[in-house]
Every structure is written in structure tokens, then in C-alpha cells.
S.K.: 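Handing you a structure now.
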Amino acid sequence: ADPIHLTEVCANTTFNPNSIYQSNLNSLLSSLSSNATQNLEFYNTTSGQNTPNPVYGLFLCRGDVTPQLCQECVAAAVKEVTKKCSREKVAVIWYDECMLRYSNRSFFSTVDEKPRFALLNTQNITEQEKFNKLLAKSMNETAAQASNAPTGAKKYGTKEVNISAFQTLYNLVQCTADLSRNDCSTCLQAAIKLLPWCCSGKQGGRVIFPSCSVRYELYPFYRMEIATLPPTTIHPSSHTGKKKISTTTIIAIVVPIVALVLVFLSFCFLTMRARKKSNAIKGENFKKSDQILNYQAASELTTVDSCLQFDFGTIEAATNKFSEDNKIGEGGFGKVYKGTLPSGQVIAVKRLWKSSGQGVEQFKNEVELQAKLQHKNLAGVLGFCLKGEEKILIYEFVPNRSLDNFIYDSKNQGQLDWAARYKIIGGIARGIQYLHKDSQLRIIHRDLKASSILLDADMNPKISDFGIARILEVDQTQKNASRIVGTYGYMAPEYAMQGEFSEKSDVYSFGVLVLEIITGKKNSNFESEGAEDLLSYAWIHWRDGRPLELLDPTLGGFYLIDEAIKCIHVGLLCVQKDPADRPTMASIVLTLSSHSVSLPTPLQPAFFLRNTDQNLPQMYMESDQSTSMSMSWSINDESITEPHAR
Ligand SMILES: Nc1ncnc2c1ncn2[C@@H]1O[C@H](COP(=O)(O)OP(=O)(O)OP(=O)(O)O)[C@@H](O)[C@H]1O
């Protein structure tokens with residue numbers, strides 16, 4: 001079988017064609033290829049050591065692959081990396097069976113945990129708690145076994161553990177052979193720690209670093225006969241004992257396993273064929289392995305710092321030194337500038353206020369995770385930039401400004417006819433659904449509002465700031481856990497009062513947005529006869545059987561009645577006081593896209609945060625002016641623990 005390509009990362013420092021670096025790299029790659037034919041499974045070398053631009057490189061084959069497969073894998077890796085990273089000085093490419101990397105810096109005998117990525121098997125496990133314990137224990141034992149080999153020896157370990165009479169857990173760990181015992185152990189521990197993060201509750205998972213990797217499955221994915229041999233260079237006297245154990249175990253374990261594996265493989269093969277088309281996987285690089293292994297890319301962290309980290313000088317140049325002419329807005333988190341990269345790509349640059357004290361590593365990690373979230377209705381994160389205390393986020397530029405510029409502005413309202421508004425509502429719903437359920441990270445936006453919905457050239461909505469609460473909060477200590485990010489008029493009562501946020505608090509904000517989009521009225525600063533806020537106003541019209549009177553007069557009576565009623569109905573259901581009475585985003589998306597869906601009757605919504613309510617904590621009254629802010633409050637503040645919703 002052909003080697004299975006997983007992914008590669010090319011860093012953004014480049015070399016010139018026909019340079020010394022290029023010729024050193026060429027000889028490095030040919031030396032790696034030829035050493036793979038010498039039956040070596042690990043080889044590191046430096047090319048051009050006496051030139052100003054040496055290149056350091058290595059390959060590592062998985063501990064159980066045959067010399068021939070190792071050789072084929074390295075050859076494929078050389079070919080592919082030359083194509084994919086043709087000008088980059090630093091690259092790493094991973095296959096199922098091998099990895100190859102090179103750099104302009106010497107990385108031998110050092111632990112590198114980045115770039116890294118994870119893959120998970122989409123099947124769930126039962127009895128998660130018991131499984132997690134078993135996995136942690138067996139992984140640690142396998143890691144200890146592999147890292148025990150001395151520097152230069154093969155650092156590879158596998159372990160099979162019975163979960164039940166019918167199920168076995170298979171573990172595999174490996175380090176590059178140049179690592180010391182301690183370094184290998186450190187690297188494997190770091191990778192094992194990430195398993196719950198990527199693959200909790202799943203039947204298989206792997207975390208892959210340049211210096212080591214770990215993987216587990218409920219089926220044998222490595223060659224058992226080689227895998228059961230201990231590392232060749234250590235403890236030769238223990239070979240016989242181990243072999244005896246394996247011989248007796250083989251009879252008891254391997255026979256049923258082989259039968260199970262055959263059943264499993266036939267199942268996989270059939271499933272794979274059936275799903276081949278529908279099983280669309282995010283991330284081109286993972287398609288092949290996903291199809292073959294029924295795998296789904298998990299938060300595929302192709303995260304090399306240099307890929308996502310922009311140089312401060314580049315951003316300064318792109319924004320004309322953060323000039324006022326380039327400033328496009330200012331929000332609760334910082335000023336936003338339009339910028340143009342040397343490649344011509346237009347970007348939005350958010351220069352965060354300097355107040356936050358979060359750690360750089362966690363900031364980076366969070367941005368890296370979020371950069372992987374890709375959806376038509378999200379304003380994507382492209383990267384970040386750090387300098388001293390400066391923290392800057394870089395987004396794709398969305399040209400048509402934010403929704404608030406259209407829905408509340410009497411001059412622009414007319415530009416949004418009914419079809420445009422319905423498309424915007426549907427797009428926002430799909431974007432939130434993706435954040436809640438479909439992305440590998442479960443993200444609760446916490447600050448949905450008209451100004452966080454940007455519009456592209458075709459007036460498609462793109463949700464912005466979707467992970468900013470996480471980016472700014474990731475490293476906050478638990479004692480400060482009640483920090484609130486949110487905006488007056490859009491916050492669900494339980495979130496504003498008790499700091500409890502969930503998917504359902506986003507649903508509440510979505511409901512407010514829907515009502516604003518169709519009425520052209522703002523929930524905060526609401527001015528209208530007969531009601532004190534937009535939600536009461538909508539409810540009264542609904543209750544009195546006059547819902548269509550709610551619609552924005554600038555629509556001029558042109559709308560589809562069914563769609564308009566559906567939007568009002570959904571909007572009112574979303575702003576119910578009890579989160580359990582609010583629909584999920586998935587059911588909202590379904591409702592908006594179907595013709596006949598029966599919905600429950602809405603009750604009177606939660607009326608909350610009205611200017612006249614004297615019982616409200618003072619900070620909310622203040623927040624009316626600043627529209628959005630991060631607020632910390634004391635958990636013990638009595639005024640907050642009393643609910644005030646009517
Ligand atoms: N990716 C982007 N593309 C184009 N314009 C953007 C982008 N992100 C933000 N903007 C513009 O910058 C303005 C300020 O954005 P920002 O997200 O900082 O604040 P906000 O959403 O208005 O308020 P807050 O941050 O307080 O929630 C927005 O109104 C929008 O017009």
C-alpha cells in the first residue's frame with residue numbers, strides 16, 4: 001500500500017532559488033532518501049556544515065513498518081515536501097508511516113512540540129470514565145517503555161490492554177531517536193496530556209509533534225509481531241522472558257483479535273465506500289487518511305508559530321503605522337485598522353487594549369485553535385502579532401461594514417430588502433450552529449449583536465469576535481471566573497444576572513438580533529409607543545394577533561408572509577426566560593430552511609435590563625453607554641445573585 005500522507009507545515013522564511021541554501025537542501029534530501037534505502041528507520045544529518053547556510057534534517061519511520069515501506073515513505077515525503085514547501089527554509093511533513101523535517105537551525109536532540117496536530121476517530125466509546133483511566137495508565141506505561149531506550153536507540157513502544165472480553169485498547173508511542181531518555185519522556189507526557197483535549201470520549205486519537213507522537217485505537221493499527229519486540233539496544237537479557245509472555249498471550253488474544261479485526265476491517269471498508277462522498281472532511285490535507293481510517297481531523301493544529309504569527313513590522317507597514325486613515329472602528333477590545341499585506345491581501349487588524357495580563361503561550365494557543373475554525377459565516381482569524389505588551393489579532397477583511405450600519409440607519413435601511421434580511425438571519429444561524437456543535441471546539445460567542453455581524457461583498461453575514469472571550473480569558477484564574485463579556489440589550493437574563501453562559505444564552509442574543517433585523521429597531525434605547533423595549537413590543541403584537549405590523553416600514557410591504565411570521569415566532573422563542581424553553585441553533589436552522597415545521601407557542605419573553613429597573617446592578621446601567629465591555633464582578637456581590645427578571 002502507498003504511504004498515507006497526513007499533513008505538512010512549511011514555515012514562512014524563504015530562500016532564493018539557486019542559493020546555497022537550495023543546493024544544501026537538495027543534497028540533504030537526497031542523503032535522507034539514500035539512507036532510507038540502507039534499512040535505517042531514523043537518520044539525521046546536516047548538509048553544508050561548512051557553508052554559511054547549513055540545512056539540518058531527519059526522517060523517522062514508525063517503529064513497526066518494514067524497511068521497504070519506510071524507504072517508500074521517505075521517498076514520497078521528499079517528493080511531496082519539495083512540491084508543497086518549495087521555497088521555505090523550514091518544513092515538516094507527516095505520513096502515517098514516517099515523518100521528515102528540515103530546518104536552517106539545528107534541532108537535533110531538542111524537544112519540539114510545535115507544529116503539532118491531532119486526529120480523532122469519530123466513533124464514541126462507552127463508559128468514558130473507566131476508559132480514560134485505562135488509557136492514561138497504559139499510555140504512561142508505554143511512554144515509560146519507549147523513553148527508557150538510550151539516546152540513539154529506537155524509542156518506540158506499543159501496548160495492548162483488555163478493556164473487556166471483547167475489546168482491546170492498542171497504544172503506540174514514539175520519539176525521534178536523537179532524544180535523551182528524559183527528553184523523550186517529557187515530549188510523550190506533553191502529547192499524552194493533549195489526548196483528552198483532542199479526543200476525549202473517542203475510540204481513537206493521536207497527537208503528533210515533530211519530536212514524538214502518541215496514538216490509541218480499539219483495533220490493531222501497527223504490526224504486532226514487530227511491535228511486541230522490545231527495543232533492540234536495551235536489556236537483551238529480558239528478551240526471552242518477554243517472548244514467552246507474548247507466546248502465551250498470543251493464543252489467548254490474537255486469535256479473537258484477528259477475527260474481530262477482519263470483521264472490523266470489512267465494516268470499515270463498507271462504511272468507507274458508503275461515506276466516501278458524504279463524509280466531507282475539513283482540511284484538504286486530511287482527506288486521504290480520513291477516508292481510509294474513518295478519521296476526522298480534530299482541531300487540526302497545523303500550528304507553527306511562524307505560520308500564524310505576523311511580524312510587528314509587517315503589520316505596522318500594512319496599516320501605515322496604525323494611522324487614523326486606516327482605522328475602521330473601535331470596540332470594547334481595541335481599535336480596528338484596515339491593512340494590506342505585501343501579498344496584496346487585505347486584512348482587519350485588531351489592536352487589543354494593553355490591559356490584559358494573559359500569558360503569551362495561552363494567547364497563541366487559543367488563536368491557533370480558532371484559526372482552524374472555518375465557515376462561510378465566520379470572519380476568519382488569520383493570525384496574531386505580539387510585541388512587548390502589544391497583542392494584535394488579524395482577521396480576514398470583510399468589506400461591507402457591520403449589520404448595525406444597515407438595520408438602524410434610516411438612510412441605509414432601504415438597502416436591505418426582505419430576501420437580504422432573511423439570508424442574513426439564516427447565515428447567522430448557521431454560523432452560530434457551527435460554533436456550538438459542528439466545530440471541534442465548542443464555542444459560545446457570548447457577545448452576539450448587530451455590530452459583531454459583518455457583511456461581505458454579497459451581503460452574506462460573517463460573525464466576528466467569535467472566540468474573543470476565550471482568547472482574553474483563557475489564562476484567567478478560576479477565582480476570577482465570573483468575568484462577563486456581553487452587551488446591554490443582548491444578554492440573556494441568566495448570563496447577565498448569574499454569569500451563566502451556555503449555547504442558550506447565545507440563542508437569546510440571536511433572538512434579539514432577529515427581532516432587530518426584521519423591525520429595524522434597536523432593543524437598547526428602544527423608543528416606541530405602547531412598550532418599553534423591543535421584546536415587549538414584539539410580544540404584545542404577537543399576542544394581539546398583529547405580528548406583521550412589527551415589520552420595518554422601509555420594507556414597503558414587500559416580504560414573504562410565511563418567512564416573516566416564522567422569524568417573529570423564532571425570535572420570540574429564543575428570548576424566553578427559561579433557557580430550556582429556547583430552541584437549539586440546530587432546530588432554528590432547520591426551521592428557517594423548511595416550509596412546514598411546527599413550533600411551540602412562545603410565552604411572554606424575559607424582559608430584562610430595562611433602564612427603569614432600579615434593582616439592577618449599577619454596572620449594567622453604565623454598560624448602556626459603552627455598548628460592550630469586559631466586566632469583572634465579585635461572586636459575592638449580593639445585588640447580582642438576586643434575579644430581577646420579571
Ligand atoms: N474583520 C473585519 N473586517 C472589516 N471590518 C471589521 C472587521 N472586524 C471589525 N471591523 C470593523 O471594526 C469595527 C469595530 O469592531 P470591533 O469588533 O472591535 O467592535 P464592535 O463589534 O463594534 O464592538 P465590541 O468590540 O465592543 O463588541 C466594526 O464595527 C467593524 O465595522
S.K.: On a heavy-atom basis, which atom in Met99 and which in Pro210 lie closest, and how many Å separate them?
M.R.: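 That would be CE-O, 3.2 Å.
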
S.K.: Which heavy atom of Glu8 sits nearest to which heavy atom of Glu80, and what is that distance?
M.R.: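 So the minimum-distance heavy-atom pair works out to OE1-CG, 4.5 Å.
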
S.K.: Determine yes or no for a side-chain-to-main-chain donor-acceptor pair under 3.5 angstrom, with Tyr216 supplying the side chain and Ser138 the backbone.
M.R.: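 A pair under 3.5 Å: no.
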
S.K.: Verify, without hydrogens or angle tests, whether Asn53 (side chain) and Asn24 (backbone) share a donor-acceptor contact under 3.5 angstrom.
M.R.: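 Flag not set: sc Asn53 to bb Asn24 has no pair under 3.5 Å.
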
S.K.: With a cut-off of under 6.0 Å to the ring centre and 45° to the axis, is Lys335 in cation-pi contact with Phe322?
M.R.: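 So Lys335 doesn't make the cation-pi contact.
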
S.K.: Judged by atom type as modelled, is there a donor-acceptor pair below 3.5 Å linking the side chain of Gln203 to the main-chain atoms of Leu218?
M.R.: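 No; judged by distance alone, with no hydrogens or angles, the pair does not exist.
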
S.K.: Give me the atom names and distance for the closest heavy-atom approach of Ser213 to Leu188.
M.R.: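 Closest pair (atom of Ser213, atom of Leu188, distance): O-CD2, 3.8 Å.
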
S.K.: Run the side chain to side chain contact (heavy atoms under 4.5 Å, CB included) test on Lys462 and Leu455 for me, step by step, so that the C-alpha distance in whole Å, both residues' side-chain angles and the decisive distance to 0.1 Å come before the verdict.
M.R.: CA-CA 6 Å; Lys462 286 186 173 265; Leu455 297 166; over 6 Å; no

S.K.: Return yes if some donor-acceptor pair links the side-chain N/O of Asn140 with the main-chain N/O of Ala136 below 3.5 Å, else return no.
M.R.: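 Such a contact is found between Asn140 side chain and Ala136 backbone.
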
S.K.: Any chance the side chains of Asn18 and Gln22 put a donor and an acceptor closer than 3.5 Å?
M.R.: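 Not at all, the side chains of Asn18 and Gln22 share no donor-acceptor pair under 3.5 Å.
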
S.K.: Looking at Tyr43 and Ser31, what are the two nearest heavy atoms and their distance?
M.R.: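 That closest heavy-atom pairing would be CE2-OG, 3.7 Å.
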
S.K.: I need the Phe221 CZ to Asn171 CG distance, nearest 0.5 Å.
M.R.: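 If we round to the nearest 0.5 Å, Phe221:CZ and Asn171:CG are 7.0 Å apart.
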
S.K.: Can you see whether Gln68 engages Glu72 through a side-chain donor-acceptor pair at a distance of less than 3.5 angstrom?
M.R.: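 Short answer, yes.
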
S.K.: Do you see a donor-acceptor pair shorter than 3.5 Å between the side chains of Asp465 and Ser452?
M.R.: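 No, no side-chain donor-acceptor contact under 3.5 Å.
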
S.K.: Strictly distance-based, threshold 3.5 Å: is any side-chain N or O of Tyr434 a donor or acceptor partner for the main-chain N or O of Gln374?
M.R.: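 Yes; judged by distance alone, with no hydrogens or angles, the pair exists.
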
S.K.: So does Cys184 get a backbone contact from the side chain of Lys155, meaning a donor-acceptor N/O pair under 3.5 Å?
M.R.: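 Such a contact is absent between Lys155 side chain and Cys184 backbone.
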
S.K.: Taking Asp64's backbone N and O only, do any of them form a donor-acceptor pair with Arg223's side chain (distance below 3.5 Å, no angle check)?
M.R.: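 Yes, Arg223 side chain to Asp64 backbone: donor-acceptor pair under 3.5 Å.
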
S.K.: With distance as the sole test, does Arg181 use its side chain to make a donor-acceptor pair with the main-chain N or O of Asn148 at under 3.5 Å?
M.R.: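 Looks like yes, one N/O pair under 3.5 Å.
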
S.K.: Under a plain distance cut-off of 3.5 Å, with no hydrogens placed, do Glu88 and Tyr102 share a side-chain donor-acceptor pair?
M.R.: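 No - no donor-acceptor pair under 3.5 Å links their side chains.
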
S.K.: Would you say Asn35 and Thr45 are linked by a side-chain donor-acceptor pair, where the criterion is simply a distance under 3.5 Å?
M.R.: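 Short answer, no.
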
S.K.: Is Asp96 paired with Arg215 through a side-chain N to carboxylate O contact shorter than 4.0 Å?
M.R.: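 Asp96 and Arg215: salt-bridged.
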
S.K.: Are the sulfur (SG) atoms of Cys61 and Cys73 separated by under 2.5 Å?
M.R.: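 Answer is no, sulfur atoms not closer than 2.5 Å.
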
S.K.: Please give me the minimum heavy-atom distance between Ser464 and Leu454, naming the atom from each residue.
M.R.: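 Distance-wise, the nearest heavy atoms are CB-CD1, 3.7 Å.
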
S.K.: Got a donor-acceptor contact below 3.5 angstrom from the Thr176 side chain to the Leu60 backbone?
M.R.: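 Pair absent, no side-chain N/O of Thr176 close to backbone of Leu60.
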
S.K.: Within a strict 4.5 Å, meaning less than it, do heavy atoms of the Ile4 and Tyr95 side chains meet?
M.R.: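 Ile4 vs Tyr95: side chains apart.
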
S.K.: Let's test your reading of the model: do Cys212 and Cys175 have SG atoms under 2.5 angstrom apart?
M.R.: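 Cystine link not detected, SG atoms outside the 2.5 Å cut.
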
